Amino acid sequence: MTGKREDYITWDEYFMGVAVLSGKRSKDPSTQVGACIVSQDNKILSMGYNGFPLGCSDDEFPWGRDNEAEDPYNAKYFYSTHSELNAILNYRGGSLEGSKLYVTLFPCNECAKAIIQSGIKTIVYGSDKYAGTPAVNASKRMLNAAGVRYYQYQPSGRKIEIEV
Ligand SMILES: Nc1ccn([C@H]2C[C@H](O)[C@@H](COP(=O)(O)O)O2)c(=O)n1
Ligand SMILES: [Zn+2]
């Protein structure tokens with residue numbers, strides 16, 4: 001055999017795959033989200049998943065979502081850091097200017113602010129299951145105004161399996 005392999009994964013498959021794998025670290029029982037930030041020359045800069053801040057125990061803070069309206073203090077939303085924000089905060093280098101974010105779920109309005117301010121210029125997202133909600137509408141409004149490009153990941157249809 002003299003030629004190179006031809007069935008290697010694409011950059012989008014690679015980085016979205018890393019984002020999916022990162023999301024598998026999440027302890028959230030209902031929605032696990034993963035993120036991966038990549039430089040313009042396709043180097044991974046940072047990763048993150050949704051979870052509670054350092055020092056806030058996964059076993060003590062609440063993971064429930066149903067009681068948000070009547071008892072927000074005992075629901076997860078006040079406490080969970082979104083995967084995109086964690087990926088931005090986990091970055092230990094200089095600047096994220098011009099970088100690309102792969103995320104398994106479309107960013108909310110709060111993450112959109114951090115994405116814009118950190119200099120991320122492109123978002124590749126997986127699911128958009130909260131499309132049409134005020135948070136996602138506001139997010140798209142800000143991303144559009146700030147010139148952050150976004151597009152949905154297009155699965156190739158081939159299954160990428162990880163066996164260790
Ligand atoms: N773009 C997003 C959206 C949501 N999250 C996190 C926040 C929560 O931990 C969970 C959503 O929970 P649900 O309301 O679906 O039960 O996902 C995120 O990290 N990034
Ligand atoms: Zn968010």
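Heavy-atom basis, side chains included; hydrogens, waters and symmetry copies ignored. One-based numbering, in listed order, for ligands and for the atoms of each. Given the structure is predicted, the values throughout are model-derived calculations rather than measurements.
- Here the protein heavy atom with the shortest distance to atom 20 (N) of ligand 1 is Glu84 OE1, 2.9 Å.
- Sorting the N, O or S atoms of His82 by how far they are from the Zn ion (ligand 2) puts ND1 first.
- In this structure the side chain of Tyr150 reaches within 4.5 angstrom of the side chain of Phe106, judged on heavy atoms.
- Leu105 pairs in a side-chain contact (heavy atoms from CB on, under 4.5 Å) with only one of the listed residues (Val136, Asn50, Thr31, Asp128), which is Thr31.
- Checking only distances, Phe106 does come within under 3.5 Å of ligand 1, N or O to N or O.
- Nearest heavy atoms, Gln32 versus Gly23: CB-O, 3.4 Å.
- Ligand 1 lies within reach of Tyr130, whose nearest heavy atom is under 4.0 Å from it.
- A donor-acceptor contact closer than 3.5 angstrom is absent between the side chains of Asn137 and Ser139.
- Here the angle centred on the Zn ion (ligand 2), running from SG of Cys108 over to SG of Cys111, is 120°, rounded to 10°.
- Of all the atoms in ligand 1, the ones that sit under 4.0 Å from a non-hydrogen atom of Pro107 are 1 (N).
- You'll find the side chain of Ile37 stays beyond 4.5 Å of the side chain of Met47, heavy atoms only.
- Where the criterion is an N or O separation shorter than 3.5 Å, residue side chain and backbone included, Thr81 fails it with respect to ligand 1.
- The shortest separation from a heavy atom of Cys111 to ligand 1 is not under 4.0 Å, leaving the residue out of contact.
- The shortest contact between atom 6 (C) of ligand 1 and any protein heavy atom is with Asn50 ND2, 3.5 Å.
- Under the 4.0 Å criterion applied to side-chain N and carboxylate O atoms, Glu68 and Lys76 are not assigned as salt-bridge partners.
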(message) Is there a side-chain contact (heavy atoms from CB on, under 4.5 Å) between Tyr79 and Trp63? Walk through the geometry before answering.
(response) CA-CA 9 Å; Tyr79 310 107; Trp63 282 114; over 6 Å; no
